[in-house]
Each structure stands twice: as structure tokens, then as C-alpha cells.
Colleague: 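Questions regarding the structure given below will be posed in turn.
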There are 2 protein chains.
Amino acid sequence: MNRDSDVKENEKQTIKMPALARQRLGNQVADVLRAQILLGQLKPGDVIPERETSAALGVSRTPLREALLVLEAEGLIEMSPSKSPVVANPSLLELTEMLLVQSALEALAGEIACSKATQSDIEAIEEIHNRMVATAQDADPITFFQIDMSFHEAVVAASKNEALIKTHNRFHVRLWRARFLTAGKVATREVSVADHASIVKGLRARDEQKVSGSMRDHLRKVIDNVTAMYAQQKT
Amino acid sequence: MNRDSDVKENEKQTIKMPALARQRLGNQVADVLRAQILLGQLKPGDVIPERETSAALGVSRTPLREALLVLEAEGLIEMSPSKSPVVANPSLLELTEMLLVQSALEALAGEIACSKATQSDIEAIEEIHNRMVATAQDADPITFFQIDMSFHEAVVAASKNEALIKTHNRFHVRLWRARFLTAGKVATREVSVADHASIVKGLRARDEQKVSGSMRDHLRKVIDNVTAMYAQQKT
DNA sequence: CTATAATATTTGGTATACCATATAAAATAT
DNA sequence: ATATTTTATATGGTATACCAAATATTATAG
């Protein structure tokens with residue numbers, strides 16, 4: 001490859017793309033902490049002392065604090081004066097409230113997706129569904145759960161509504177742990193698969209009513225599952 | 001007044017209530033800036049330089065910055081590296097997307113409110129509606145608009161769903177300016193009043209279907225109003 | 001006078017220093 | 001030995017100092 005010719009070709013642009021490079025340190029730290037919370041490495045009730053954590057991550061307290069504020073706004077942690085931030089531990093009431101909102105959001109997403117999704121969007125959703133069907137019997141809980149979640153993400157993304165996608169993701173993250181803990185039961189898997197099949201069918205037919213209703217009902221079943229788990233946990 | 005007796009009476013409690021006192025400075029600053037944005041004292045496109053603004057508010061850059069991060073998370077301002085934060089100026093597309101989400105949220109709120117609202121909640125909503133009817137003909141745009149908005153807030157609050165209330169408020173704030181600019185037309189007032197009347201009627205009957213549908217349709221009309229305003233503005 | 005390069009200045013981003021308060025520990029009086 | 005007061009320490013909250021990059025300004029070469 002000729003170096004000189006390359007230089008000549010590029011002489012006017014000087015690469016000119018910072019593009020996806022620069023991001024605030026605080027956001028990167030927030031991503032790390034958020035991932036740790038979702039992966040269960042940071043469990044509800046765990047504290048996140050500022051000095052200790054910032055030192056562990058090799059940053060100063062300023063961006064660490066910035067990250068904590070982001071996570072607080074997302075509802076993943078709780079901060080109170082003179083106390084170390086603590087990973088949020090949503091009550092059953094809070095979870096059901098959030099799931100109700102999520103059901104409305106996903107219902108809307110399904111409705112919009114019927115008109116806004118491209119054919120390849122729907123095919124991609126179908127592909128996720130097929131993978132879920134294939135792994136319903138034997139896959140480990142984590143894998144199955146992640147496929148399940150990606151299905152919902154894909155439908156919401158197909159709505160092409162940024163505000164909706166962002167708001168949905170907000171609850172998605174906060175509900176992650178509780179949904180994971182309840183998704184383990186293989187018994188509920190078949191129901192989920194059936195619900196998803198109905199949603200896919202509706203999307204192919206671009207039947208707004210059907211998809212919207214299916215999404216909504218599907219999510220409301222999750223409320224029952226979570227409630228059941230909490231009741232069982234008390235025992 | 002006898003000092004000693006006072007001391008004796010208070011000896012056990014020492015006032016003991018910090019209660020509603022302490023809040024982070026950053027949040028207070030965020031409240032101030034948010035209010036300025038909502039009141040139009042800070043318009044879309046206006047910049048908020050950190051040093052200048054923090055000096056004006058009499059705080060250091062740290063809490064000011066904390067406030068900016070909050071407002072950025074709320075979507076009220078936009079921050080980019082090496083540039084002063086700027087008050088967000090949502091496009092028509094963004095506004096319609098947010099209004100669609102808001103319509104779903106308010107529909108859900110109306111539905112839930114039918115079962116969760118107390119009788120006095122409904123009476124309070126009715127009272128707001130009556131005030132709106134009374135001032136529909138002559139009140140200045142600001143007053144009418146504020147009553148209109150408080151009606152929606154009251155219905156959502158009646159759902160008693162914290163996640164819903166918070167999420168709704170998020171969009172409520174971001175949509176505030178655009179809705180205010182479109183709410184001026186007296187022509188649209190009558191339609192709004194009629195819609196609200198239908199909602200109140202449904203709430204009294206605790207008819208979930210009706211209230212939910214009315215809320216949703218009412219909000220979707222706002223999309224048309226906003227779209228019309230943008231089209232007219234181009235002219 | 002114009003174009004270009006060097007420099008000064010302003011910006012947000014980050015690190016550090018300091019402060020107030022809440023909590024834990026220790027000392028002392030009962 | 002216990003209860004109470006005092007003191008030490010650790011925590012988050014805030015202010016300041018410093019840095020890098022982007023931009024505006026000025027000087028200089030053409």
C-alpha cells in the first residue's frame with residue numbers, strides 16, 4: 001500500500017472525525033456501575049462509598065459523584081445526606097407500579113411498531129423469538145432471560161420513537177433484577193413463549209390492536225409472577 | 001420570657017426536626033433553573049455558562065454543575081464537550097414523540113385513577129375543571145394554561161402511582177413551553193373544556209374505558225395543535 | 001489588504017482541598 | 001459497671017485549583 005498516495009487523498013480532511021470518541025468520565029463510570037448492578041455484582045442494599053469506589057475505579061470523586069447522580073436519577077441507587085449511596089431495593093409496590101407503567105409503554109410501542117417497523121425489523125424480532133423457542137427447554141436462566149429481554153427491546157426499538165425507547169429503557173433497567181429472579185421458573189417460560197408468538201403474529205399482520213393488547217397483557221402477567229415470588233419469599 | 005423554663009421544656013427534644021430542611025444545593029439550583037426555563041426567562045437556545053451562572057446564583061461551580069446534570073437528564077438542556085450548556089429546543093418530531101408517550105401515560109393514569117382515586121380526589125379534579133370553565137372566556141393565557149395543566153397533574157396524581165407520576169412529570173416539564181405556545185388560541189379552549197368535562201364525567205362514573213380513552217384522545221389532539229403551530233410558524 | 005500562523009483567552013472537565021455533620025469510640029462521672 | 005459526655009473519625013457536600021481543548025484574537029508574512 002502506498003503511503004504517499006494515502007496522504008494526498010486525506011490531505012484536506014485530517015481524519016476530521018472525533019465522532020464517537022469523547023464522553024464524560026462520569027458517564028463511563030455510570031456505565032460501569034450500572035452494569036455491576038444489573039449483573040448482580042452490586043446487590044440491593046450494598047453501599048457505594050465515594051472515596052473507596054472512586055479510588056477503586058482510578059478516578060477522582062468528582063466524576064464518580066457525577067455517575068452517582070446519574071444512577072440516582074435513574075432510580076438505581078438512593079442517596080441521603082451524610083450516608084453512603086446505597087443500591088436501591090424496590091419494594092413489591094414499587095415494582096408493580098413500574099410494571100404497570102411499563103405495560104402501557106410496551107403496549108404503545110407495539111401499536112406504533114405496527115406502522116413504523118420495517119419488514120426487516122419484524123424479521124429480526126422473529127429471529128429473536130425463534131432463538132427463544134429453541135432454547136426454552138435447556139438454556140441456562142441467564143441466557144434465556146437475556147433473549148427474553150432483547151425481544152422486548154427489539155419491539156420497542158421498532159417503534160422508532162426515541163422518547164419511548166429511552167423511557168422504556170429506564171424502567172427496563174430498574175426492573176431487570178426482579179424480572180431475572182422471577183424468570184427462572186421453567187414453568188413460566190412456555191407462557192412467555194406463547195405470548196411472544198402472539199406478538200410476532202400480530203406484528204406480521206400489522207394488527208395494532210392485537211399487538212398492543214398482547215404486549216400489555218404479557219407485561220401484566222409479569223406482575224403476577226413478581227407478586228408470587230415475593231409471597232413465596234416471605235415463606 | 002423566662003429562659004430557664006424554656007430550656008427545661010425543651011431539654012429532651014432539642015427541636016429534633018431537620019425534617020424538610022436539608023437538601024442538596026444542586027437540587028435547589030436545578031429548581032431555580034427549571035423554573036426559569038418553564039417561565040420562559042430562559043428560552044430554547046440560550047446558553048448557561050458555568051462560571052457566570054454559578055456566580056450569579058452565589059454558589060460554586062460544583063452544585064451548579066450538579067444542577068446542570070439533573071436538567072440534562074430531564075432533557076431540558078443539552079451539554080456537549082467544550083461548549084456551554086444550552087436550553088433544549090425540541091423539534092416537532094421530538095415533541096410529537098413525547099406527546100405520544102404522554103398520551104399513553106395519561107391514558108393509564110385515567111384508567112388507574114378510576115379505581116384508586118378517592119371521592120375527594122375526584123371532587124378536587126372537578127373543582128379545577130369548574131375553575132377552568134369559569135375562566136375560559138376571559139382569563140389571560142397564562143392563567144388558563146396553568147389551570148389546564150393542573151387538571152392533568154391532578155388526574156395523574158389521583159392514580160397514586162409514583163412511577164407514573166414521576167415519569168409523567170418528566171414529559172410534562174419538557175412539553176410545557178410548546179403546549180403553552182399552542183394553548184393561547186381561544187378557539188382550542190372550548191375543545192379542551194369539553195374533553196375535560198368528558199373526563200370528569202367518566203371519573204365520577206369510574207368508567208375506566210371512557211376515562212382512559214378520553215385522556216388519550218385529548219392528548220392526541222394536542223399533537224395536532226402543536227403540528228399546526230409549527231406549520232404556521234414556517235409561514 | 002488578505003491569508004495564515006502564533007498566541008491569548010474562555011470553555012467545560014477533572015482533581016484536590018476544605019467543611020459540616022453524623023456516627024463511633026473513648027473517657028469520665030455516677 | 002453503666003450511663004453520659006466528650007472527642008475522634010469517617011462521610012457526603014461544597015469550594016477552589018488545575019488542565020486540556022476549542023475558539024477568538026492578534027501579529028506577521030505574502
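Note: hydrogens, waters and symmetry copies are ignored here, and every other heavy atom, side chains too, is used. So that the names make sense, note that chain A is the first sequence line, chain B the second, and so on, each numbered from 1.
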Colleague: Output every pair passing side chain to side chain donor-acceptor pair (under 3.5 Å) with a member in residues 53-62 of chain A, not counting sequence neighbours, ordered by first then second residue.
Modeller: A:Glu50-A:Arg61
Colleague: Side chain of B:Thr167, backbone of B:Leu164: donor and acceptor closer than 3.5 Å?
Modeller: no
Colleague: When the distance from CG of A:Leu64 to C1' of D:dT11 is rounded to whole Å, what number comes out?
Modeller: 13 Å
Colleague: Quick one: which of B:Arg170, B:Arg174, B:Arg34 gives a side-chain hydrogen bond (donor to acceptor under 3.5 Å, both in side chains) with B:Glu74?
Modeller: B:Arg34
Colleague: If only side-chain N and O atoms of B:Thr62 are considered, is one of them under 4.0 Å from the OP1 or OP2 phosphate oxygen of D:dT14?
Modeller: no
Colleague: Hey, what are the protein-to-nucleotides 8-12 of chain C N/O distances that come in under 3.5 Å?
Modeller:
residue	atom	partner	partner atom	Å
C:dT11	O3'	B:Ser84	OG	2.9
C:dG12	OP1	B:Glu50	N	3.4
C:dG12	OP1	B:Ser84	OG	2.7
C:dG12	OP2	B:Glu50	N	3.2
C:dG12	N7	B:Arg51	NH2	2.8
C:dG12	O6	B:Arg51	NH2	2.8

Colleague: Would you name the heavy atoms of B:Gly110 and B:Met215 that are closest together and state the gap between them?
Modeller: CA-CG, 4.3 Å
Colleague: Using a heavy-atom distance cut-off of less than 4.0 Å, which residues of residues 67-77 of chain B contact DNA chain D?
Modeller: none
Colleague: Could you list the residues that satisfy side-chain hydrogen bond (donor to acceptor under 3.5 Å, both in side chains) with A:His172, not counting sequence neighbours?
Modeller: A:Glu153
Colleague: So, the side chain of A:Glu97 versus the backbone of B:Glu162: is there a donor-acceptor pair under 3.5 Å, distance only?
Modeller: yes
Colleague: Roughly how many Å is it from CG in A:Leu25 to P in D:dA20, rounded to a whole number?
Modeller: 14 Å
Colleague: Roughly how many Å is it from CG in A:Leu57 to P in C:dA15, rounded to a whole number?
Modeller: 11 Å
Colleague: My understanding is that only residues two or more places apart in sequence, or in another chain, count here; which of them pass side-chain contact (heavy atoms from CB on, under 4.5 Å) with A:Lys43?
Modeller: A:Asp46, A:Arg177
Colleague: Using residues 144-152 of chain A as the side-chain source, report each donor-acceptor pair under 3.5 Å to any protein atom, sequence neighbours left out, with the distance given to one decimal.
Modeller:
residue	atom	partner	partner atom	Å
A:Asp148	OD1	A:His196	NE2	3.4
A:Ser150	OG	A:Gln146	O	3.4
A:Ser150	OG	A:Ile147	O	2.8
A:His152	ND1	A:Glu106	OE1	2.7
A:His152	ND1	A:Glu106	OE2	3.3
A:His152	NE2	A:His196	NE2	3.3
A:His152	NE2	A:His218	NE2	3.2

